[in-house]
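Written below as structure tokens is the structure these notes are about.
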Amino acid sequence: MDLSFNIGGAAGQGINTIGDLVAQVFVKNGLYTFTIKDYMSRVRGGYNFTQIRVSDEHVHAPVHGVDVIIALTKDAIINQRDRLVEGGVIIFDESLGFEECERCHLPLPLEETAEEVGGNVRMMNAAALGALLSVLKMPISLAENALADIFGDKGESVVEGNVKVARTMYEEVKGELAQRCDHDFSSVEKGPSEDRLLVTGNQAIALGAMAANLKWISAYPMSPSTSLFQFIIQNSRRLQIGGLQTEDEIAGLNMALGASHTGARSMVTTSGGGFSLMVEAVGLAGMAEIPIVIYNAQRPGPSTGLPTRTEQGDLLFMLHSSQGEFPRIMIAPKDPLEAYYLTKDAFRLADKFQVPVMVLGDQHLAEFTMNIPRIEIGEVDMDRGKLAEKPDKPYKRFKVTDDGVSPRAFPGDEEVVVAASGNTHNEFGHISEDPDNRNAMVEKRLAKLPWILDELEEPKVYGDKKADYTLLTWGSTWGAAYEAMQRLSQDGISINQLHFAYLYPLKTETLKEIWEKAKKLISVEQNATSQFAKLVRMESGLSVDEEINKYDGRPMTPEWIIKQLEEVGVQ
Amino acid sequence: MDYQTARGGWCTMIEREDLEPPQEIQWCPGCGNFGILRALKQAVMELSNSKHEFFLVSGIGQSGKTPHFINLNGFHTLHGRAIPVATGAHVANTDLKVIVHGGDGDLLGEGLGHLMHAARRNVNITCLLHNNGVYGLTKGQYSPTSPHGFVSKTSPPPTGVPMDPVNPLGVALIGGATFVARGFAGDIKQLTELIVDAVKHPGFALVELMQPCVVFNPKWGWDFFRERVYKLEDDYDNKSKTAALEKSFEFGDRIPTGVFYKQEKTHFVQELQLPEGRLRDHTNDREEIQNIIDEMLV
Ligand SMILES: Cc1ncc(C[n+]2csc(CCOP(=O)(O)OP(=O)(O)O)c2C)c(N)n1
Ligand code: SF4
């Protein structure tokens, strides 16, 4: 079973609510879902849609072809019609006055039923849900249970109203109308039911940060990072995490550096434009060797770009951000579950190596929702890295060591004086222009890189290791590429996927192995210039054979990737 | 003499030798910063805190070098950014007495927004603004406090600086600072008192320090200030913000010094309701995180 629905309409019409409702109904019944929200940068009007995929197996990406469209405006019908697969159906309100000209058009009194049966137009969502289940020939009990759970705290009458509306619509569609759609899921068996945590990438990153004992977050709102910051701030009182919406991103990062330097695990969240403002402070973190986690939910640039769309366009910018040379770590999670673990690891690595750790998300990862297993928090890993147990007197904050990492003491520790500077300094943290000292300090900092590299995981290979074609991916494009790779493999094409979560410093062993075997290495990136392929070439000397790029701001689908692969001769 | 620290330990009075500069001082002979450094040392000795409880955070400029010239915890950060760094440090460990050093360029140019917002938040830190009316470290360009018509390397005659200067005390007052004062590098006794009071004040304290730069702004030399500075009269009421604001515009033949405004009100960390003790030592409640996760289960 692999179903997809698109729910389209204007902003402010509650499309997301129906989307969430539909996703929850299926998740509650043991199925896997994947939801994306495609919306414009406006609060009311326009044309937006939510796509929900439902399957009895994990699903990882949006798709082009959809089985059911629920359209709340005429625009939505017009925009989506072409995506309907054979046997699919469009459900819409009859008041839109669309001709019932084709088998797939299903005009229904959604609004009227909501008003008359439920007494509230807002129950149109429940009406649509009832119609949907009927069309799919699934039992109405699915909706009943879910509505009770979802609206439970709003009181019994709200639940009852919604259930009545859903049931009325369900009955109305049953029979002749439902036959217009070829789908029949009346006998779908419930899949596993333990994966009931429905989260976005941003929420998962926030949970990872909390689990890593984040104690300070300072940020300035910028889509699509905002929801992460809000999620943490909303829970900050419960966990006693310090947090502040600052005057700008410059203050955000500098404040977090102050908190981290003084001993509190800290992070900032932003998107590309905000990161641009932070760049100077990234250098301060580099020079003063302050651990910090910087999350960039990338969106298409340059400048304000496309605020609500997706891109992987900031990789090389982040890699090279700030003047001068110093080590940093770059990580890009592929999905919410991985985002949770990688974020925890980001904090560990930051403390261990006393460097900035950049977590690269993008709008797609930030906002798509999928169900994952319940996360078990367990014990907190509070390894703060090398601490100065019995500090030298006077204390050398920047003591030269083999691995470049100096034992840390914090301002405020008794009997220690901690000096630090954004200027080139000596081991004590005081300004020095001595050329030998300069060399020693540059080398000390850069000495961390090989140790960092040792600590990072190799990229993962999905599919047959010895395949002819290899898709090279990083970050959130994993999902679409993975499904494309699987579909092609099923069709007998010899193809695998090499996916990087740790981007810098770059692990090259597996890469070299795969490169030796593959006839064609094909990079798949959500940007125009194949930034990761460039990084790979820079670090390993290896070049990809083909580059597949998407930069229209919309996430990739498996179908799209397959089409591009055909064009570069994968068959 | 021994006394108890905020963490309950005991410490010994700070002696002048404890503060001996870890690094050779690099200011020009005759610079006002020497007076400020002396007053700072004196204030640190007078305040009953132990040495590790002080944390100096500075920006970039001549004043920014201060942490290198006194043996205390110090962080020499970026141009204009000392206040946010100091705010973060203070939140992470409220036992610290966080003192910011910045120049007029630093705090009123690059850092003006941060100054206003720190004042608005009433962050419990002390901000010492070394005002020499010029950019010292970059060798003589006009600064946000240079007078209208001031001739400098970047404001040539006949117009000189083509605009009015920033009023630092006024800015702090309007921002919401709860302790606003002015001192003069030539009056170390008063300056010491002001710094002591500012550090003790539970909220955002701004002290403007009139600091002669004998190289790039000789007009604002020692005599210029000696002839003009006077202490606020005994009957001056520093509880009135409007009176303080009015007074802050008096800067010409007579330059008032002293505490312009002082008011107690809840400060930033109190507003945030952070955990008891130091934030840096706090651990997120594991069960509570699990609860947050479990509430998201569908
Ligand atoms: C982002 C940035 N811009 C410019 C500079 C160069 N710079 C260093 S100090 C300074 C001005 C210093 O003036 P002020 O703050 O008044 O301090 P003073 O040296 O007079 O004490 C400037 C522009 C810098 N270090 N960083
Ligand atoms: S240039 Fe001016 S401010 Fe700088 S040290 Fe010399 S006298 Fe002081």
Side-chain angles (χ1 to χ4, degrees), chain A residues 24 27-28 149 196-199 203 207 210-211 213-216 218 235 237-242 246-248 250-251 254-264 266 280-281 284 288 371 374-375 377 379-380 382 394 410-423 428 430-431, chain B residues 5 7 9 11 22-23 26 50-53 55 57 60 65 67-68 71-78 80-81 83-93 95-96 113-114 116-117 121 269 272-275 278-294 296-298:
Chain A
Q24 288 188 35
V27 171
K28 273 181 199 300
D149 265 19
R196 282 171 37 243
L197 187 60
L198 199 54
V199 283
Q203 285 169 334
L207 293 173
M210 291 171 186
N213 210 44
L214 172 77
K215 287 316 304 174
W216 177 257
S218 34
N235 287 295
R237 306 287 188 261
R238 281 172 82 172
L239 297 175
Q240 296 193 284
I241 292 172
T246 50
E247 57 271 34
D248 53 34
I250 298 174
N254 282 290
M255 219 176 265
L257 293 181
S260 175
H261 180 67
T262 313
S266 303
E280 189 195 20
L284 179 62
N371 47 321
R374 173 179 184 262
I375 291 170
I377 282 296
E379 280 309 300
V380 65
M382 275 311 295
F410 304 110
D413 286 357
E414 285 192 40
E415 296 187 37
V416 201
V417 173
V418 183
S421 182
N423 281 48
F428 300 104
H430 292 297
I431 299 179
Chain B
T5 68
R7 297 264 107 215
C11 79
Q23 187 151 60
Q26 295 150 14
S50 54
K51 204 174 139 181
H52 67 268
E53 289 175 316
F55 186 27
V57 182
I60 299 294
K65 293 180 183 169
H68 298 294
N71 192 18
L72 291 173
N73 291 316
F75 189 5
H76 183 190
T77 68
L78 296 169
R81 313 300 170 206
I83 287 180
V85 175
T87 303
H90 162 68
V91 175
N93 181 359
D95 291 352
L96 289 169
H114 304 312
M116 288 292 275
H117 287 280
R121 289 175 194 127
V269 167
L272 284 185
Q273 305 199 354
L274 292 175
R278 305 188 290 200
L279 186 65
R280 69 167 243 201
D281 299 332
H282 189 259
T283 309
N284 294 340
D285 183 344
R286 317 304 299 164
E287 271 177 42
E288 202 56 29
I289 308 176
Q290 193 67 58
N291 288 340
I292 291 170
I293 292 174
D294 290 350
M296 294 166 77
L297 292 171
V298 295

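Chain A is the first sequence line, chain B the second, and so forth, proteins listed ahead of strands; every chain is numbered from 1.
In terms of non-hydrogen atom pairs under 4.5 Å with chain A, the most contact-rich of B:Q23, B:E287, B:M116 is B:Q23. For the set A:V417, A:L284, A:N213, the entry with the most heavy-atom pairs within less than 4.5 Å of chain B is A:N213. Of the listed residues (A:L257, A:I375, A:L198, A:V416), the one with the most heavy-atom contacts under 4.5 Å to chain B is A:I375. Chosen from B:K65, B:H282, B:M296, the residue pairing most often with chain A at heavy-atom distances under 4.5 Å is B:H282. Contact count against chain B (heavy-atom pairs under 4.5 Å) is highest for A:R374 among A:M382, A:R374, A:Q24, A:R237. Ranked by heavy-atom pairs under 4.5 Å with chain A, the first of B:N71, B:I83, B:D285 is B:N71. Of the listed residues (B:V57, B:T77, B:L272, B:L279), the one with the most heavy-atom contacts under 4.5 Å to chain A is B:L279. Ranked by non-hydrogen atom pairs under 4.5 Å with chain A, the options B:P84, B:A86, B:A92 are led by B:P84. By number of non-hydrogen pairs under 4.5 angstrom with chain B, the leading residue of A:G422, A:S421, A:G263, A:A264 is A:S421.
To the nearest 0.5 Å, atom CD1 of residue B:I293 and atom CD1 of residue A:I377 are 3.5 Å apart. Residue A:S266 holds its OG atom at 12.0 Å from NE2 of A:H261, rounded to the nearest 0.5 Å.
Summarising the local packing, CD of B:Q26 is surrounded by more than 12 heavy atoms from other residues, nucleotides or ligands at distances under 6.0 Å.
For the pair B:I292 and A:L239, the minimum side-chain heavy-atom distance is below 4.5 Å. Annotation: side chain of B:N291 is in contact with side chain of A:R238 (closest heavy-atom distance under 4.5 Å).
Interface remark: A:V418 contributes backbone and side-chain atoms alike to the contact with chain B (heavy atom separation under 4.5 Å). When heavy atoms are compared at a cutoff of 4.5 Å, B:L297 approaches chain A by way of both its backbone and its side chain. Residue A:Q203 touches chain B through its side chain alone, counting heavy-atom pairs closer than 4.5 Å. Within the 4.5 angstrom heavy-atom criterion, only backbone atoms of B:P67 (N, CA, C, O) approach chain A. For A:A256, no part lies under 4.5 angstrom from a heavy atom of chain B. The contact between B:Q273 and chain A is made entirely by backbone atoms, counting heavy-atom distances below 4.5 Å. Residue contact with chain A, scored on non-hydrogen atoms closer than 4.5 Å, involves the backbone and the side chain of B:F75 alike. Proximity to chain A (any heavy atom under 4.5 Å) is restricted, for B:D294, to the side chain, taken from C-beta onward. Proximity to chain B is absent for every atom of A:D149, based on heavy atoms less than 4.5 angstrom apart. In this structure, chain A has a heavy atom under 4.5 Å from the side chain of B:I60, while its backbone stays farther away. The contact between B:V91 and chain A is made entirely by side chain atoms (from C-beta outward), counting heavy-atom distances below 4.5 Å.
Closest non-hydrogen pair, B:L96 versus A:G412, comes out as CD2-CA, 3.6 Å.
Between B:D95 and B:R280, no side-chain nitrogen of the basic residue sits less than 4.0 Å from a carboxylate oxygen of the acidic one, so the salt-bridge criterion is not met.
When atom types are taken as modelled, the side chain of A:K215 and the backbone of A:S260 share no donor-acceptor pair closer than 3.5 angstrom. Looking only at distances, a side-chain donor or acceptor of B:N284 sits under 3.5 Å from a matching main-chain atom of A:M210. Side-chain atoms of A:N371 do not come within 3.5 Å of backbone N or O of A:R196 as any donor-acceptor pair. Between the side chain of B:R286 and the main chain of A:A211, a donor-acceptor pair closer than 3.5 Å is present. Between the side chain of A:N254 and the backbone N or O of A:A251, no donor-acceptor pair lies under 3.5 Å.
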